[in-house]
Protein chains: 2
Amino acid sequence: MAATIRDVARLAGVSPSTVSRALSMPGVVNATTRARVQAAADRLGYEPNRAARGLITGRTGNIGLVVPDLANPFFPSVVKGVQARARASDVAVFLADTDEDARAEAGLVRALAKQVDGMILCSPRASQEDLAAIAQETTVVLVNRLVEGIAAVTFDNEGGMRQAVAHLVALGHRKIAWVGGPQTSWSSAHRILGLTAAARDSGAELIEVGHFAPTYDGGMAAADQAVATGATAVVTYNDLVAIGLLARLHARGISVPDDLSVVGVDDIAMSRMSRPALTTVRLPKQRAGEIAVELLLAVLDAPDPDTIVGSRGSLPGELIVRDSTGVAHRQARP
Amino acid sequence: MAATIRDVARLAGVSPSTVSRALSMPGVVNATTRARVQAAADRLGYEPNRAARGLITGRTGNIGLVVPDLANPFFPSVVKGVQARARASDVAVFLADTDEDARAEAGLVRALAKQVDGMILCSPRASQEDLAAIAQETTVVLVNRLVEGIAAVTFDNEGGMRQAVAHLVALGHRKIAWVGGPQTSWSSAHRILGLTAAARDSGAELIEVGHFAPTYDGGMAAADQAVATGATAVVTYNDLVAIGLLARLHARGISVPDDLSVVGVDDIAMSRMSRPALTTVRLPKQRAGEIAVELLLAVLDAPDPDTIVGSRGSLPGELIVRDSTGVAHRQARP
DNA sequence: ATGAAAGCGCTAACAG
DNA sequence: CTGTTAGCGCTTTCAT
């Protein structure tokens, strides 16, 4: 059995409360007793029981993290960022994968809520109402989604899309196709906003191809329709879709970027490895995870949380140019 | 504030102990009182506080899961399996990513140990001694690693490698190169055992190229040495390495599989998407995660854990043939 | 079948 | 500065 605070107290010849103070409010106890307590604790390998502490302080030192699908490489990156930042503050992370099931999401959140100080919901599938209800029960930080009154860290989707369009227009493209993500996706909706504005400003034509699963297969499915638009460049909801699209284009003998240019979003590891390497708008995924933890901790510690909830961060995307984008037409080249 | 057991008791007009019994030992209480308690609990949205329960029962209903690096696509799959199986048994999962740091591993385990009933250590980097020490403090299940006296779920590395060799030999290959993983990797060591035996049995020659990082860059680094061996086929530690190798070969103008055949291990999602698609030994990663949870739960519930610790599962690998393997030489073809 | 009481490990008042 | 007391929310004897 692991050592308790009473074991340490007995060994150090003090009361349990002194041990508690010596360990968590060092300034308040006599230096020599503190040293004695510390020594006893070390000798017994004492680690306070967080659950017991949480019972009385109301703070568990744990946070929850909910993601829709770890198989999408976007999320492990965010998780990694959350992990790293949480560890630095000595908080432990409960992870839940909802398998893209919006209902499971609500259930998991409720089950976890009791054991955590707050939760980070990553690209949640739940409805705005459910999210609001959840935020009522526990402190919540949203990643990649904006809901009134809830703290969030998002990406600058509009800015990222502007960069992509600027790049393509500079290469001579005037007709750009957009392969959208899931119908309900918050970020897909915002990306199209940026795309539309950028196309208008630069005199390019934007053609929406529709909504597809945010997966490799989704990209395969979208490819033929994208080609049929007659566009010379395609921007996809994310890199996974772009890579699926690339595969289908290759199978059809359509050369990228000679016949068609392709731009993705995310910059997952795979994008660098695809052939041709994928031009993409890099989203600082890991950083988003770190910031989400900081935001959550800040809200938890704030005397007036509302002031912080207002200050949400929007992280810039960065255009990474690789081989999948080229001039508008093979024929246009010398 | 969330409802407590006393709130439910008051509303139902019974004592807290009755509520406790009604909810967790339904057979023991009068049917009508049970109904009343249930109704009260539902109305208040009562969820028992697990931390408080754990304090007295000694069981938290939580498990810990430690992985070395979520950026390696192998691990998210295992995590997903663990998640799914844990959720089915209503247990919550603490996740920790150690960033390949063996020392951080030990520290994280100790920090988590107090809050969980047991831990799943996935391909741990820690030394055998550290692992044994950890297993002393808390119940442990190892994934992809074998240590005396600790429950584990492993993959049949030898069998997988035999399948790979049989496939290559059938295609006419007689000289096969092996690109190993990290020097300390348990699975790398076991894969080479299977490779050696299979090569001996089939009269093929096996050439070890050395140890490389289990990453894309590791594969890039290994490519030229693999080519220099004069082998007609290369088997790599994992798919990530194989894909890096593919990239370097392509850059050098070496055609796969015409000039060289390549086989990976794992069957990560990326392998299907690479060009050429990668022949690989599929490891049931997600299943391994599920089994790890089952094993852990079984050990926790067992009156005599040792009987279970003995019965570890070894999951078979499955050869998935794709485009990266072909006949021994371009010249050999008609 | 139910209630009262005790206590899991810890911290926070309150005395001293 | 330190010890004593009480109690977080829950389960589990022990009575009744």
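So you know, we letter chains A, B, ... as the sequences are listed, proteins then strands, and number each from 1. The analysis underlying the following values was restricted to heavy atoms, covering all of them including side chains, and did not include hydrogens, waters or symmetry mates.
In this structure, A/Thr4 reaches the sugar-phosphate backbone alone: every heavy-atom distance under 4.0 Å involves primed, P, OP1 or OP2 atoms, never a base.
Screening residues 32-55 of chain B for salt bridge (charged side-chain N to carboxylate O under 4.0 Å, His left out) gives B/Arg50-B/Asp90 as the qualifying pairs, with residues at least two apart or on separate chains. Identified under the salt bridge (charged side-chain N to carboxylate O under 4.0 Å, His left out) test for residues 122-136 of chain B, with sequence neighbours left out: B/Glu100-B/Arg125. Screening residues 14-30 of chain B for side-chain hydrogen bond (donor to acceptor under 3.5 Å, both in side chains) gives B/Ser15-B/Ser17, B/Ser15-B/Thr18, B/Asn30-B/Thr32 as the qualifying pairs, with residues at least two apart or on separate chains.
Of the residues in residues 45-63 of chain B, those lying under 4.0 Å from DNA chain C by heavy-atom distance are B/Leu55, B/Ile56. Within residues 22-39 of chain A, the residues approaching DNA chain D are A/Val28, A/Val29, A/Asn30, A/Thr33, by heavy-atom distance under 4.0 Å.
Nucleotide C/dC10 holds its P atom 12 Å from the CZ atom of A/Arg10, rounded to whole Å. Counting to the nearest Å, the P atom of C/dC14 and the CZ atom of A/Arg21 are 14 Å from each other. Atom CD of A/Gln115 is separated from atom P of D/dG9 by 15 Å (rounded to the nearest Å).
Separating the OG1 atom in B/Thr139 from the CG atom in B/Leu300 is a distance of 4.5 Å, to the nearest 0.5 Å.
Recorded end-axis angle for the helix from C/dA1-D/dT16 to C/dG16-D/dC1 stands at 40°, based on five pairs per end and rounded to 10 degrees.
In this structure B/Asp69 satisfies the side-chain hydrogen bond (donor to acceptor under 3.5 Å, both in side chains) test together with A/Lys80, sequence neighbours excluded. A search for side-chain contact (heavy atoms from CB on, under 4.5 Å) contacts involving A/Ala52 returns A/Asn49, B/Leu55, not counting sequence neighbours. Residues that satisfy the side-chain hydrogen bond (donor to acceptor under 3.5 Å, both in side chains) test with B/Asp7, not counting sequence neighbours, are absent from this structure. In this structure, B/Tyr46 has no ring pair (Phe, Tyr, Trp, His ring centres under 6.0 Å) partners at least two apart in sequence or on a different chain. Legend: residues meeting side-chain hydrogen bond (donor to acceptor under 3.5 Å, both in side chains) with B/Glu294, ordered by chain and number and at least two apart, are B/Arg85.
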Let me check something: any side-chain donor-acceptor pairs from residues 114-123 of chain A under 3.5 Å, sequence neighbours excluded? List them with distances.
unit_1	atom_1	unit_2	atom_2	d
A/Gln115	OE1	B/Asn62	ND2	3.0
A/Gln115	NE2	B/Asn62	OD1	3.3
A/Asp117	OD1	A/Thr60	N	2.7
A/Asp117	OD1	A/Thr60	OG1	3.1
A/Asp117	OD2	A/Arg59	NE	3.4
A/Asp117	OD2	A/Thr60	N	3.4
A/Asp117	OD2	A/Gly61	N	2.9
A/Ser123	OG	A/Asn144	ND2	3.4

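At the phosphate of D/dG3, OP1 or OP2 sits under 4.0 Å from a side-chain N or O atom of A/Thr18.
At least one donor-acceptor pair under 3.5 Å links the side chain of B/Thr4 to the backbone N or O of B/Arg6.
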